[in-house]
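Report on one structure; see the data block that follows.
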Amino acid sequence: MNGIEKITGQIDADIQKEIDAIAAQAQAQAAEIGAGYDRRAQEQVQATLERGRREAALRRERLGSVAQLEARKLVLSTKQDLVGRAFDLALQKLTELPEADYIALLARLAVDASRTGQEQVIFSQRDRARYGKQVVTQANEILARRVAPKLPDDLTASRAGAILDRVVTGASAVLSGTGMLTMAEETRPMAGGLILRDGRVETNCSFEALIRLQQGALSAEVAKVLFP
């Protein structure tokens, strides 16, 4: 081997060594870059999972809140429905009272609602046919008693005294203009109760109206009984 070949060989060896060094450096850099990408990818995966867990927790919390709200709405609606049924049952019980109690109740309603003692009494079709005359008669007797002088008990205890008491009571009613309720020809659609009419003024004492007036004030108390 001559001098040129030695020089050429040395150059080739140096070049190869440099190439090997560059290759090794490139591989190291590539490995470092790959590790960095893997690390960032893993970090991104972990961040994505964590974000997913947080979003799932928030969604579960929101769905739970919505479910609780809907449950409360359902419970409230059910309670309101049951309270309403309680008042419906009260209306039914009123219409199913024994005849004597029912007549006495309607007579008392007419007396309490009367302002002049000369109103017309409007019933439902059923009540007018069955109880109308008895209710008006009983109500007029109560109104007449209010204005009649009280006779001694020993006088009214006799048959003649009782007759005299009725005469005095009737005369007092005529003189005062009270105790002159009359039964109207017309009827109204209602479950029970009555309506007093004085000219154009009407006082609604139907059971539906009376229960409706009381429902607002008593619903809370009824709810306490139903749901202690």
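Just so we're clear, the structure is a prediction, and the values are computed from it rather than from any experiment.
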Look at the side chain of Asn140 and the backbone N and O of Leu181, then say whether any donor-acceptor pair between them is shorter than 3.5 Å.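 Pair found, side chain donor or acceptor close to backbone of Leu181.
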When you measure from the side chain of Glu208 to the backbone N and O of Ala191, does any donor-acceptor pair fall under 3.5 Å?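 Yes.
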Minimum-distance pair of heavy atoms, taken over all atoms of [X] and [Y]:
X	Y	answer
Ser114	Leu143	OG-CD1, 4.2 Å
Ala110	Ala139	CB-CB, 4.1 Å
Thr203	Ala113	CG2-CB, 4.0 Å

Once rounded to the nearest 0.5 Å, what's the spacing between atom CG of Asp101 and atom CG of Leu94?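 Separation between the atoms: 11.0 Å.
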Would you tell me whether Glu96 and Gln92 have side-chain atoms, one donor and one acceptor, within less than 3.5 Å of each other?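 Their side chains do contain a donor-acceptor pair, which is all the 3.5 Å distance test asks for.
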Contact between Cys205 and Leu196 at the side-chain level, heavy atoms closer than 4.5 Å - yes or no?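 Heavy-atom side-chain distance check fails, nothing below 4.5 Å.
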Would you check if Val136 and Tyr131 make a side-chain contact, meaning some heavy-atom pair closer than 4.5 Å?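 When only atoms from C-beta onward are counted, Tyr131 and Val136 do not touch, as no gap falls below 4.5 Å.
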In terms of heavy-atom contacts, does CD of Glu202 have more than 12 from other residues, nucleotides or ligands at under 6.0 Å?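 Yes, because the 6.0 Å sphere around CD of Glu202 holds more than 12 heavy atoms from other groups.
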With sequence neighbours excluded, give me every ring-ring contact (aromatic ring centres under 6.0 Å, His included) pair touching residues 181-202.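 Residue pairs passing ring-ring contact (aromatic ring centres under 6.0 Å, His included), neighbours aside: none found.
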Is it true that [X] and [Y] fall in one hydrophobic cluster, defined by side-chain heavy atoms closer than 4.5 Å?
X	Y	result
Ile195	Leu109	no
Leu91	Leu105	yes
Val111	Ile122	no
Leu106	Ile103	yes

Summary of salt bridge (Lys or Arg N to Asp or Glu O under 4.0 Å) pairs that have at least one residue in residues 116-134, sequence neighbours excluded: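 As it turns out, the salt bridge (Lys or Arg N to Asp or Glu O under 4.0 Å) pairs with a partner in residues 116-134, which skip direct neighbours, are Arg128-Glu185.
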